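The shown structure was predicted, so the numbers you read here are calculated from the model rather than taken from an experiment. Lettering follows sequence order; numbering is per chain, from 1.
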Amino acid sequence: MNGVEQLRAALTRAAVAIGASPDVQPGLERPRDPAHGDWATNLAMTLAKPLGRKPRELADALIAALDRHDAGVAEATVAGPGFINFRLDTADLAGGLARVLAAGTAWGHGTGGTGRAANVEFVSANPTGPLHVGHGRQAALGDAIAALLASQGWKVTREFYYNDAGAQIQNLALSVQARLRERAGDPLAIPEGGYHGAYIKDIAEAYAGEATDDPRGDDLERVRTFAVRALRNEQDLDLRAFGVRFDRYFLESSLYTDGKVEETIAALQASGHTFEDDGALYLRTTDFGDDKDRVMRKRDGTMTYFLPDVAYHVTKFERGFTRAINVQGADHHGTTARVRAGLQALGRGIPEGYPEYVLHQMVTVMRGGEEVKISKRAGSYVTVRDLIDEVGRDAVRYFLLMRKGDSQLVFDVDLARSQSEENPVYYIQMAHARLSGIFRVGEIDPTTITGAAVDWSVLDQPEERELVKSLLDWPDFVAAAADALEPHRVANWLLETARLVHTWYHKHHVLGEAEPVMRARLALARAAQLTLANGLGLLGISAPERM
RNA sequence: GCCCCCGUAGCUCAGGUGGAUAGAGCGACGGUUUCCUAAACCGCAGGCCGGCGGUUCGAGUCCGCCCGGGGGCACCA
């Protein structure tokens, strides 16, 4: 049992002793103002009503009933409207660092997932062009969410789904063909809905070099295959540059070849929730909360994207994923209700909230105070590669993750590129590098720091107590961020903790201090170094030893 | 018209699931270096948390209505 749990248990006993129900759950939080102590509870206020007594009076009674020793607190005081503030002995507080050192790279790991399988689907870009900034946000978000879940004991599969047969791919093939014919002397005729970026020209160029017997691209099927392969390869390179790896690429076409689409449509018809109108087959999704019934099979006999989408999510469930999380742009918002409705209509016991959606808002790229809209390569949008080339992978990751997905995001290229104090990424990495520097200069192998035989009571400086608390809170913090599927919380925590590190480092010295102090501070430095590295790792950002 | 997101400092945004005197980064202003990285630290200024009601001991946070901004409402993906 660690410090907080001990305190909570003791508080519960005290509450019961003064007449509260045995199932009270005392809430404990860090007071915003460190002068208020190390922990605070609002228990007296929440008990006021059921017990019919005044909060401050109850607070006094709770303190009187509390076994200080069992609770592990040095001091308990009543404040404000009825808060009880607790102060811990420095030795008890800082002694928690031993747990950090023992856990090492696993500090922050939890067991809430209990080994169950989770599927995180993200990016899922069709192979019709280079990845744009929005895909970048998805890649950063999805990868970090996957890492967060894995840290909490989920068995995570990172999945990329792509449409390899639809109308957009047809337009891609026709666009490349148009460039081939332009090359052969025809006037340029890119079809309606076609692609205009420079990369189309490059692909046409490459095709002409390889397919010397088909310089005009008359073999459209061959052009299509060639173009898809070229763009898939390009997207892979983009993702690799970003440090994102997928466990599985799922092809929409496989749903047809494996019979999953037919199977699903038959099951839906058997469910009795379908009807035909004007030659098209509908699913009555309004029975399951959608605001409109949806077409599954068009009048011309082909499927809408809706049906394979449902079939795809059935496979996720069948593949044993307890949770399926889809990271997508907010423009997909309209599809969430209908996919869930489709799964419900099957009546197979798939949970109502399956799959879960993490939708993110748009990204605007700013440079020199102006919005950047165009990339040379893609023509109409800014690519992930542009950003990585300009500001580096770590900065792109951080900037795309530092805001809540629900917020529209402004990516300030100038700030991300600046290698100085104003850039939060460097600020955090610098904190890690400085801590590493202590061990380098002191010629101490940080992995030998175990926390054994340390007198924790010497870590009594205010800056040390604040830093210690932040490090000890990390596991709960990560668990909450994972639970909420919100990596930006980690980004903010890192920035705050980095500040505590810099402040402490600036004010207090480690090497050359008297033995007990140096020993304790080395342990603190090691714990902070480990925790920062763990946090950066979750976001896919490097933790450099020196900068 | 309906659905989703957003509205907090000059700018970009946090605010740990309802708590005490609302925070950070950038920008502005002023300081700090014989010392493990000044890529750092300290100080100062800046607010009707879009508005009006409600819930309660207590609301930036929850509920309702309104006003602004963005996105979505296909037999396109």
Side-chain angles (χ1 to χ4, degrees), chain A residues 27 29-33 36 40 42 45-46 48-49 54-55 79-83 85 124 126 128 162-163 166-169 171 193 252 277-282 291-292 294-306 308-309 329-337 357 359-362 366 369 402-412 414-415 418-424 426-427 429-431 433-442 473 476-477 479-481 483-484 486 488-489 491-493 495-496 499 501-503 505-513 521 525 546-547:
Chain A
E29 57 183 26
R30 296 288 193 193
R32 204 179 327 215
D33 184 348
H36 288 153
N42 62 354
M45 279 121 90
T46 59
K49 200 163 209 176
K54 289 180 183 158
F83 291 102
N85 293 328
S124 295
N126 287 337
T128 54
Y162 72 90
N163 174 295
Q168 295 188 24
I169 301 295
N171 284 333
E252 184 194 12
D277 182 41
D278 196 19
L281 182 66
Y282 283 75
D291 50 10
K292 201 185 227 182
R294 305 293 170 177
V295 173
M296 295 191 292
R297 193 177 55 216
K298 297 182 253 182
R299 209 176 329 164
D300 66 9
T302 62
M303 306 298 173
T304 61
Y305 69 92
F306 166 54
D309 243 21
D331 54 338
H332 284 74
H333 150 252
T335 70
T336 68
Y357 287 88
L359 301 181
H360 67 83
Q361 301 290 322
M362 303 291 108
M366 301 287 285
M402 68 182 180
R403 303 307 182 202
K404 191 164 45 178
D406 287 338
S407 298
Q408 291 174 37
L409 180 81
V410 175
F411 193 112
D412 184 339
D414 302 310
L415 179 59
S418 78
Q419 302 200 356
S420 70
E421 50 178 309
E422 63 232 19
N423 187 334
Y426 286 92
Y427 184 84
Q429 291 181 317
M430 186 62 207
R434 279 181 135 179
L435 293 167
S436 305
I438 295 173
F439 296 103
R440 186 174 56 247
V441 173
D473 286 348
D476 285 344
F477 202 89
D483 192 47
E486 291 185 346
H488 79 277
R489 297 195 196 189
N492 284 310
W493 184 90
L495 191 60
E496 279 172 34
R499 181 178 318 108
V501 167
H502 282 303
T503 304
Y505 179 96
H506 186 262
K507 192 155 179 187
H508 304 292
H509 219 252
V510 178
L511 300 176
E513 293 295 307
R521 287 186 179 165
R546 63 201 308 169
M547 296 176 73

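Atom CG in A/L511 sits about 13 Å away from atom C1' in B/U37, given to the nearest Å. Summarising the geometry, the separation between NE2 on A/H502 and P on B/A38 is reported as 10 Å, rounded to the nearest angstrom. Atom-to-atom, OH of A/Y426 to C1' of B/U37 comes out at 16 Å; the value is rounded to the nearest Å. For the pair A/R499 CZ and B/A39 P, the interatomic distance rounds to 19 Å; values are reported in whole Å. Atom CG of A/D406 and atom P of B/U8 are 15 Å apart (whole Å). Across the protein-nucleic acid pair, A/D476 atom CG and B/G16 atom P stand 15 Å apart, rounded to whole Å. Look at CE on A/M366: it is 16 Å from P on B/G27, rounded to the nearest Å. A/N423 has its CG atom 10 Å from the C1' atom of B/G25, to the nearest Å.
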Between A/H502 and A/M430, does a side chain to side chain contact (heavy atoms under 4.5 Å, CB included) hold up when you go through it step by step?
CA-CA 9 Å; A/H502 282 303; A/M430 186 62 207; 3.9 Å; yes

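Listed nucleotides B/G15, B/C36, B/U12 differ in distance to A/H488; the shortest reach to its side chain belongs to B/G15. Picking from B/C36, B/G16, B/C13 the nucleotide with the shortest atom distance to the side chain of A/R403 gives B/C13. Side-chain proximity of A/Y505 to B/G16, B/U37, B/U12: nearest is B/U37.
Separation of the P atoms belonging to B/U37 and B/G43 is 24 Å when rounded to the nearest angstrom. Remark: the separation of the P atoms in B/U61 and B/U56 is 16 Å, to the nearest Å. A gap of 23 Å separates the P atoms of B/A22 and B/C6, to the nearest Å. Taking the P atoms as reference points, B/C62 lies 11 Å from B/G19, given to the whole Å. Here the separation of B/G50 from B/U8, taken at their P atoms, is 6 Å to the nearest Å. Annotation: B/U17 and B/G70 have their P atoms spaced 33 Å apart (nearest Å). B/G64 and B/A45 have their C1' atoms separated by 39 Å, given to the nearest Å. Taking atom C1' on both nucleotides, B/A24 is separated from B/C5 by 23 Å, rounded to a whole Å.
B/U33 adopts an anti glycosidic conformation, its chi angle falling more than 90° from 0.
In this structure, A/A337 reaches neither bases nor backbone, as no heavy-atom distance under 4.0 Å exists between it and the strands shown. Within the nucleic acid shown, A/H508 comes within 4.0 Å of at least one base atom, counting heavy atoms only. Among the protein residues, A/A433 comes within range of the nucleic acid bases, having at least one heavy atom under 4.0 Å from a base atom. Using a 4.0 Å heavy-atom criterion, one finds that A/K404 contacts the sugar-phosphate atoms exclusively. Using a 4.0 Å heavy-atom distance criterion, A/A491 is classed as making no nucleic acid contact. In this structure, A/G442 reaches neither bases nor backbone, as no heavy-atom distance under 4.0 Å exists between it and the strands shown. Across all strands, A/A431 comes closer than 4.0 Å to no nucleic acid atom at all (heavy-atom distances). Across all strands, A/V510 comes closer than 4.0 Å to base atoms (heavy-atom distances). Counting any heavy atom pair closer than 4.0 Å across all strands shown, A/N171 reaches no nucleic acid atom.
The salt bridge (charged side-chain N to carboxylate O under 4.0 Å, His left out) check on A/D331 picks up nothing, with sequence neighbours excluded. For A/F83, there are no ring pair (Phe, Tyr, Trp, His ring centres under 6.0 Å) partners, not counting sequence neighbours. The salt bridge (charged side-chain N to carboxylate O under 4.0 Å, His left out) check on A/E252 picks up nothing, with sequence neighbours excluded. In this view, A/F306 satisfies the ring pair (Phe, Tyr, Trp, His ring centres under 6.0 Å) rule with no residue, not counting sequence neighbours. Residues passing the side-chain contact (heavy atoms from CB on, under 4.5 Å) test with A/E486, sequence neighbours excluded: A/K404, A/A484, A/H488, A/R489. Legend: residues meeting side chain to side chain donor-acceptor pair (under 3.5 Å) with A/R294, ordered by chain and number and at least two apart, are A/D290, A/D291. For the side chain to side chain donor-acceptor pair (under 3.5 Å) test, no residue two or more places apart in sequence or in another chain qualifies with A/D278. When the side chain to side chain donor-acceptor pair (under 3.5 Å) test is applied to A/K507, the partners found at least two apart in sequence or on another chain are A/E463.
The 5' end of RNA chain B is approached more closely, in terms of each residue's nearest nucleotide, by A/L409 than by the other of A/L409 and A/H36. In terms of position along RNA chain B, the nucleotide closest to A/D33 lies nearer the 5' end than the nucleotide closest to the other residue of the pair A/F439 and A/D33.
For A/R546 and B/U37, a side-chain-to-base donor-acceptor distance below 3.5 Å is absent, hydrogens and geometry of angles not being considered.
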Return a single string for nucleotides 69-77 of chain B, one symbol per nucleotide in 5' to 3' order, where B is base contact, S is sugar-phosphate-only contact and - is none, cutoff 4.0 angstrom on heavy atoms.
BSBSSSBSB

Distances under 3.5 Å between nitrogen or oxygen atoms of protein and nucleotides 33-35 of chain B:
{"unit_1": "B/C35", "atom_1": "O2'", "unit_2": "A/H509", "atom_2": "NE2", "d": "2.5"}

N/O-N/O pairs, protein side and nucleotides 56-63 of chain B side, under 3.5 Å:
{"unit_1": "B/C57", "atom_1": "OP1", "unit_2": "A/K49", "atom_2": "NZ", "d": "3.3"}

Bracket notation of RNA chain B in which parentheses pair within the strand, [ ] cross earlier pairs, and | pairs with another strand (Watson-Crick or G-U, under 3.5 Å)
(((((((..((((.....[...))))..((((.......))))......(((((..]....))))))))))))....

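In terms of heavy-atom proximity, A/T335 sits nearest to A/Y357 at O-OH, 4.4 Å. Across all their heavy atoms, A/L495 and A/P424 have their closest contact at CD1-CB, 3.9 Å. Minimum heavy-atom separation, A/A431 to A/V501: CB-CG1, 4.0 Å.
A/N423 contributes a side-chain N or O that, together with a main-chain N or O of A/L415, makes up a donor-acceptor pair within less than 3.5 Å. In this structure a side-chain-to-backbone donor-acceptor pair under 3.5 Å is missing from A/R546 to A/G437. Between the side chain of A/N163 and the backbone N or O of A/N126 there is no donor-acceptor pair closer than 3.5 Å. For the pair A/H508 (side chain) and A/V510 (backbone), a donor-acceptor distance under 3.5 Å is absent.
One finds a side-chain N or O of A/R434 lying less than 4.0 angstrom from the OP1 or OP2 phosphate oxygen of B/A38.
Note that CG of A/D406 is 6.5 Å distant from CD of A/Q361, once rounded to the nearest 0.5 Å.
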